[in-house]
Amino acid sequence: MKDIKNLLKDAVDKIKSAVEKEDIPLAEAYAQMDADLEEAEKAYGKPLFPTDDEQISVDEHYMKILGFKDDAELTLDDIRARYESLLEKYNPENFADDKEKQIKAAKKISMINKAYEYFAEKYEESEQ
């Protein structure tokens, strides 16, 4: 079974290909895209895009990035400890033998940094 990234890439590639062909109506290309995305969601086991009522807060988003449950009561020390642990785990140097994993690790580190900066600023403001 294809993984979700490949399914999405295939769906996007099909849309690009269909749109570039002048003899295929745009409505047909969109219908194919919907079918491909539906197939990807079935493979993934849940919707790929949240509905309006499934929006999450910025706090929830960053807590998930750091690996905490949404309802966890945390101190800045808890967040800092997890942050440092994740920096070690996803350090791109850990993946020196695999360039693709290095790139993914660097992206993950960027997300982790943003999450930590968000909470550090939030806790700093609440202490003032």
Side-chain angles (χ1 to χ4, degrees):
M1 178 187 287
K2 293 181 179 179
D3 69 356
I4 191 66
K5 288 181 182 178
N6 285 335
L7 288 169
L8 287 173
K9 183 183 179 313
D10 289 348
V12 169
D13 289 346
K14 286 179 184 178
I15 292 299
K16 286 180 182 177
S17 175
V19 169
E20 291 170 357
K21 295 179 183 177
E22 294 180 23
D23 59 335
I24 297 177
L26 192 56
E28 188 177 316
Y30 282 121
Q32 182 61 48
M33 176 187 70
D34 287 341
D36 291 338
L37 288 175
E38 187 176 315
E39 178 185 338
E41 285 182 342
K42 284 180 184 175
Y44 188 51
K46 63 181 182 178
L48 297 172
F49 305 103
T51 61
D52 289 340
D53 61 334
E54 293 177 323
Q55 297 293 325
I56 64 171
S57 71
V58 174
D59 281 13
E60 290 172 315
H61 172 69
Y62 285 133
M63 286 186 69
K64 285 183 180 185
I65 288 172
L66 295 174
F68 292 113
K69 294 187 181 208
D70 297 343
D71 58 354
E73 291 186 28
L74 304 168
T75 66
L76 186 54
D77 288 337
D78 297 329
I79 293 169
R80 186 177 296 115
R82 178 67 58 88
Y83 168 73
E84 290 171 357
S85 170
L86 291 171
L87 288 181
E88 287 180 32
K89 180 178 180 178
Y90 292 105
N91 184 332
E93 291 176 7
N94 295 340
F95 308 99
D97 59 330
D98 189 330
K99 189 69 171 169
E100 188 174 319
K101 286 183 181 178
Q102 271 189 320
I103 292 168
K104 288 179 182 180
K107 288 178 183 178
K108 182 76 172 175
I109 291 288
S110 176
M111 291 171 39
I112 292 165
N113 283 332
K114 287 179 184 177
Y116 178 74
E117 289 168 10
Y118 170 81
F119 285 116
E121 185 175 306
K122 181 178 177 176
Y123 279 81
E124 183 179 291
E125 288 176 3
S126 69
E127 291 177 359
Q128 294 177 355

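Remember, it's a predicted structure, so these values are computed and weren't measured experimentally.
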Note to self: I'd like to know if the side chain of E60 and the backbone of S57 have a donor-acceptor N/O pair within less than 3.5 Å.
What the structure shows: yes
Next item on the list: Would you name the heavy atoms of I79 and Y123 that are closest together and state the gap between them?
Entry: CD1-CE1, 3.5 Å
Next item on the list: Determine the interplanar angle of the Y62 and F119 rings, folded into 0 to 90°, and report it as parallel if under 30°, tilted if 30 to 60°, perpendicular if over 60°.
Entry: perpendicular
Check: Quick one: does Y116's side chain get under 4.5 Å of L87's, heavy atoms only?
Finding: no
Next item on the list: Considering non-hydrogen atoms only, spot the tightest contact between Y83 and I112 and give its length.
Entry: CD1-CG2, 3.6 Å
Next item on the list: Indicate whether any N or O donor in one side chain lies under 3.5 Å from an N or O acceptor in the other, for N113 and S110.
Entry: no
Check: Does some side-chain heavy atom of M63 sit less than 4.5 Å from a side-chain heavy atom of L66?
Finding: no
Item checked: Minimum heavy-atom distance A105-P92, with the two atoms named -> CB-CA, 4.1 Å
Notebook entry, point to check: Of all heavy-atom pairs between F95 and N91, which one has the smallest distance, and what is that distance?
Noted result: CD1-O, 3.6 Å
Check: Taking side chain as C-beta onward, heavy atoms only, is K114 less than 4.5 Å from Y118?
Finding: no
Check: With sequence neighbours left out, what residues match I103 under side-chain contact (heavy atoms from CB on, under 4.5 Å)?
Finding: K99, K107
Checklist line | Contacts of type side-chain contact (heavy atoms from CB on, under 4.5 Å), residue E100, not counting sequence neighbours | finding: D98, K104
Notebook entry, point to check: Considering all heavy atoms of both residues, which atom of I65 and which atom of K108 are nearest to each other, and what is their separation?
Noted result: O-NZ, 4.1 Å
